[in-house]
Amino acid sequence: MSFESDKAAFREGFTVGIPSLFGIGAWGLVVGVAMIKAGLTVPQALGMTFLVFAGSAQLASLPLIVAHAPAWVIFATALVVNLRFVIFSAILAPHFAHLPWRTRAYLGYFSGDISVALFIQRFPGFGHEKGKLPYLKGLIIPNWASWQIGSVVGILLGSQVPMSWGLGFAGTLAILCIMLPLVMNKAAMAGVAVAGVVALLLVNFPYKLGLLVAVVLGMGAAMASEEWLEARASRKQDAGTQDNGDAHE
């Protein structure tokens, strides 16, 4: 019975994540093409996509590699760009803290932005619920496979696929179609609005630090908005209870 329920949870996660796979594959294709056009050899590009598995870090590091920047600058840039995964880890950790560290390590490697968002939408609380692990696997494994397939195709056809095809824009549209339904309430909308404005204002920050600042401020705005909305709802409820009490008197 447990095996059957795990299979059902995996299929559920896979089904939920299917609409995002086109966008992930398109981004992988763009990054694969970019690696070859930046001068990496096919083995180097394949090694990068399988080891790094982070499009934003790969794209941020390519100009530095081309410019022969010091290794520590390249690694520091990739680290800064990927600091959002620290936030993702903090979000997922309470759900899987009971698992061995090796299991948590490979789950962390396979997890991506959209996968984490879809998982939290399905399991917003930290309580014990069956199916969490297979559901996450149903999200992250196809996501990883879609990225790698797109990236490998881009690497192998890098010299044949012109950047003018606009595949990056197509990937952005596909990802937006998945992310917009996740903005489920006023607090989330406030966070998205603040993050978007800050990202635009700080777009010229070095090493894409503006993106990190936007994420942090967006999360802070969402949390503050949620607390304010809950406090307002609580005051309204208390006022309604008091009015009912006065009416009975």
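These numbers come from the heavy atoms of this one structure, side chains and all, not from hydrogens, waters or symmetry mates.
Between Ala9 and Gly131 the shortest heavy-atom distance is CB-O, 3.6 Å. Here the closest non-hydrogen pair linking Leu118 and Gly17 is CD1-CA, 4.0 Å. Between Lys132 and His95, the shortest heavy-atom distance links the atoms NZ-ND1, 2.7 Å. Summarising the geometry of Ser61 relative to Met48, their closest heavy-atom pair is OG-CE, 3.2 Å, with the distance given to 0.1 Å. Closest non-hydrogen pair, Val116 versus Ser111, comes out as CG2-CB, 4.2 Å. Summarising the geometry of Leu59 relative to Ala34, their closest heavy-atom pair is CD2-CB, 3.9 Å, with the distance given to 0.1 Å.
Taking Ala54 as the reference, Val52, Ala57, Asn82 meet the side-chain contact (heavy atoms from CB on, under 4.5 Å) condition, with sequence neighbours excluded. Applying the ring-ring contact (aromatic ring centres under 6.0 Å, His included) criterion to Tyr135, with sequence neighbours excluded, gives Phe123. With sequence neighbours excluded, no residue satisfies ring-ring contact (aromatic ring centres under 6.0 Å, His included) with Phe10. Annotation: side-chain contact (heavy atoms from CB on, under 4.5 Å) contacts of Leu217 (sequence neighbours excluded): Val194, Val198, Val213. Scored by the side-chain hydrogen bond (donor to acceptor under 3.5 Å, both in side chains) test, Thr41 finds Gln44 as partners (sequence neighbours excluded). Take Val42 and apply the side-chain contact (heavy atoms from CB on, under 4.5 Å) test, not counting sequence neighbours, and it matches Ile36, Leu46, Ile155, Leu156. Residues forming a ring-ring contact (aromatic ring centres under 6.0 Å, His included) with Phe96 (at least two apart in sequence, or on another chain): Phe119. Evaluation of the ring-ring contact (aromatic ring centres under 6.0 Å, His included) rule for Phe14 yields no partner, not counting sequence neighbours.
The list of salt bridge (Lys or Arg N to Asp or Glu O under 4.0 Å) pairs with a residue in residues 46-75, not counting sequence neighbours, is empty. Every pair passing ring pair (Phe, Tyr, Trp, His ring centres under 6.0 Å) that includes a residue from residues 54-88 is listed here, sequence neighbours excluded: Phe85-Phe88. Among pairs with a residue in residues 115-128, those fulfilling salt bridge (Lys or Arg N to Asp or Glu O under 4.0 Å) read Glu12-Arg122, at least two apart in sequence or across chains.
Between Arg232 atom CZ and Glu227 atom CD the span is 14.5 Å, to the nearest 0.5 Å. Atom OG of Ser225 is separated from atom CE of Met189 by 11.0 Å, given to the nearest 0.5 angstrom. Taking CG of Asn143 as the reference point, atom OG of Ser115 lies at 3.5 Å (rounded to 0.5 Å). Between the NZ atom in Lys7 and the CZ atom in Arg11 there is a gap of 6.0 Å [rounded to 0.5 Å]. Note that OH of Tyr109 is 7.5 Å distant from CZ of Phe50, once rounded to the nearest 0.5 Å. In this structure, CD1 on Ile18 lies 11.0 Å from OG on Ser146, to the nearest 0.5 angstrom.
Aromatic ring pairs are classed by plane angle as parallel below 30°, tilted from 30° to 60° and perpendicular above 60°; the pair Trp147 and Phe53 is perpendicular.
Remark: the backbone N or O of Thr49 is paired with a side-chain donor or acceptor of Gln148 at under 3.5 angstrom.
A 4.5 Å side-chain heavy-atom check between Ile74 and Ile65 finds at least one atom pair inside the cut-off. Considering only heavy atoms from C-beta on, Leu62 comes within 4.5 Å of Leu40 through its side chain. You'll find the side chain of Leu29 stays beyond 4.5 Å of the side chain of Ser151, heavy atoms only.
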Starting from the C-alpha separation in whole Å, work towards a yes-or-no answer on side chain to side chain contact (heavy atoms under 4.5 Å, CB included) for Leu99 and Leu107. CA-CA 10 Å; Leu99 297 176; Leu107 290 176; 4.0 Å; yes
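Residue Trp228 is found in a hydrophobic cluster whose other members, listed by chain and number, are Leu229; membership requires side-chain heavy atoms under 4.5 Å apart, directly or through intermediates.
Both Tyr106 and Ile141 are part of a single hydrophobic cluster, where members link through side-chain heavy atoms under 4.5 Å apart.
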